[in-house]
Q: 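Below is a structure I'd like to ask you about.
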Amino acid sequence: MNNVLNYIGSIQTPFATLDACPHNIHKHQSPCRIQLEHQYKSALTGLAKGQPILILYWLEQAKRDLMLQSRQGQQLGTFALRSPHRPNPIGAAILPIAEIGEDYLIVRGLDCLNGTPLLDIKPAIYQERNEI
């Protein structure tokens, strides 16, 4: 069994420091480039401009030992937050594709640092809350 995560590319954003990063995703923020490694470019086949995708990325600078975090004076468990600080610092965002290139995608509004490693891209599937 292979238990190793392989980075498939990186994410280029305008954010060089954690303080500069937005605290959440927002589709009207800055454009971000999802750059794939060459061997993965054919995996973009079938995606379409405007299509919502799930983007999974590795938050390298996150702390991995915080189980409680303070938000607006309230203590909340890590799993109740979108904080990057978590046991496995995997970032996730659902955003529409703004542009598709040969080996890259452009989306708007990711909340990660420039150079963040990319783990995966999947078509986004929405489910109504009352269907769960």
Side-chain angles (χ1 to χ4, degrees):
M1 183 183 340
N2 182 355
N3 291 325
V4 177
L5 291 173
N6 296 310
Y7 300 151
I8 62 168
S10 63
I11 301 172
Q12 298 167 9
T13 72
F15 312 115
T17 66
L18 290 176
D19 288 338
C21 258
H23 294 284
N24 211 334
I25 59 170
H26 194 284
K27 66 182 180 180
H28 298 297
Q29 290 176 349
S30 302
C32 304
R33 182 181 177 110
I34 298 171
Q35 181 65 54
L36 294 175
E37 296 292 336
H38 181 74
Q39 68 267 32
Y40 300 111
K41 70 180 187 177
S42 65
L44 296 176
T45 303
L47 292 177
K49 183 177 178 179
Q51 177 181 0
I53 54 172
L54 170 63
I55 306 153
L56 299 170
Y57 42 102
W58 190 256
L59 303 166
E60 293 182 300
Q61 294 187 25
K63 297 176 185 173
R64 298 180 79 169
D65 59 350
L66 297 178
M67 298 306 114
L68 288 174
Q69 300 179 49
S70 181
R71 289 293 182 271
Q72 299 173 350
Q74 183 181 9
Q75 286 285 98
L76 295 171
T78 291
F79 300 141
L81 300 168
R82 278 192 50 87
S83 166
H85 307 297
R86 43 202 333 103
N88 289 306
I90 297 171
I94 295 176
L95 292 167
I97 298 170
E99 180 183 328
I100 300 176
E102 182 179 321
D103 60 354
Y104 71 90
L105 299 172
I106 302 292
V107 297
R108 296 184 76 80
L110 282 170
D111 58 351
C112 59
L113 292 173
N114 189 44
T116 294
L118 177 65
L119 295 174
D120 207 349
I121 300 166
K122 299 176 183 233
I125 298 173
Y126 296 101
Q127 188 170 11
E128 295 293 326
R129 288 196 122 162
N130 57 2
E131 292 180 21
I132 297 176

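Computed from a predicted structure; not experimentally measured. Side chains are part of it too, since the values below use all heavy atoms of this structure and drop only hydrogens, waters and symmetry mates.
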Q: Is any side-chain heavy atom of T116 less than 4.5 Å from a side-chain heavy atom of L110?
A: no
Q: Closest heavy-atom contact between P31 and P14?
A: O-CD, 4.2 Å
Q: Starting at OG of S10, measure out to CZ of R33 and round the result to the nearest 0.5 Å.
A: 9.5 Å
Q: Verify, without hydrogens or angle tests, whether N114 (side chain) and F15 (backbone) share a donor-acceptor contact under 3.5 angstrom.
A: no
Q: Looking only at heavy atoms, which two atoms of G46 and Q51 are closest? And how far apart?
A: O-OE1, 4.1 Å
Q: Does a side-chain heavy-atom distance below 4.5 Å link I90 with Y57?
A: no
Q: Closest heavy-atom contact between G109 and L95?
A: C-CD1, 4.1 Å
Q: In Å and rounded to the nearest 0.5 Å, what is the CG to CG distance from L59 to D111?
A: 7.5 Å
Q: Would you kindly confirm whether I53 and Y104 end up in one hydrophobic cluster when ILVMFWY residues are joined by side chain heavy atoms under 4.5 Å apart?
A: no
Q: Output the distance between atom CG (L118) and atom OH (Y40), rounded to the nearest 0.5 Å.
A: 10.0 Å
Q: For residues L105 and I55, determine if any side-chain heavy atom of one lies less than 4.5 Å from a side-chain heavy atom of the other.
A: no
Q: What distance do K41 atom NZ and I8 atom CD1 have between them, rounded to the nearest 0.5 Å?
A: 15.0 Å
Q: If two hydrophobic side chains count as joined below 4.5 Å and joins carry through other members, does I34 share a cluster with L47?
A: yes
Q: Working to the nearest 0.5 angstrom, can you tell me the gap between I106 CD1 and Q35 CD?
A: 8.5 Å
Q: Side chain of E99, backbone of K49: donor and acceptor closer than 3.5 Å?
A: no
Q: Show the nearest heavy-atom pair for residues L56 and K122, with the distance to one decimal.
A: CD1-CE, 4.3 Å
Q: Under 4.5 Å side-chain heavy-atom separation, chaining through any Ile, Leu, Val, Met, Phe, Trp or Tyr, what else clusters with V4? Say none if it is isolated.
A: none
Q: Rounded to the nearest 0.5 Å, what separation is found between the CG atom of L44 and the CD1 atom of I97?
A: 8.0 Å
Q: Check L54 against A92 and note the closest heavy-atom contact, atom names and distance.
A: CD1-CB, 4.2 Å
Q: With heavy-atom distances below 4.5 Å as the criterion, would you say the side chains of T13 and C112 are in contact?
A: yes
Q: Given side chains that start at C-beta, do those of P89 and W58 come closer than 4.5 Å, heavy atoms only?
A: yes
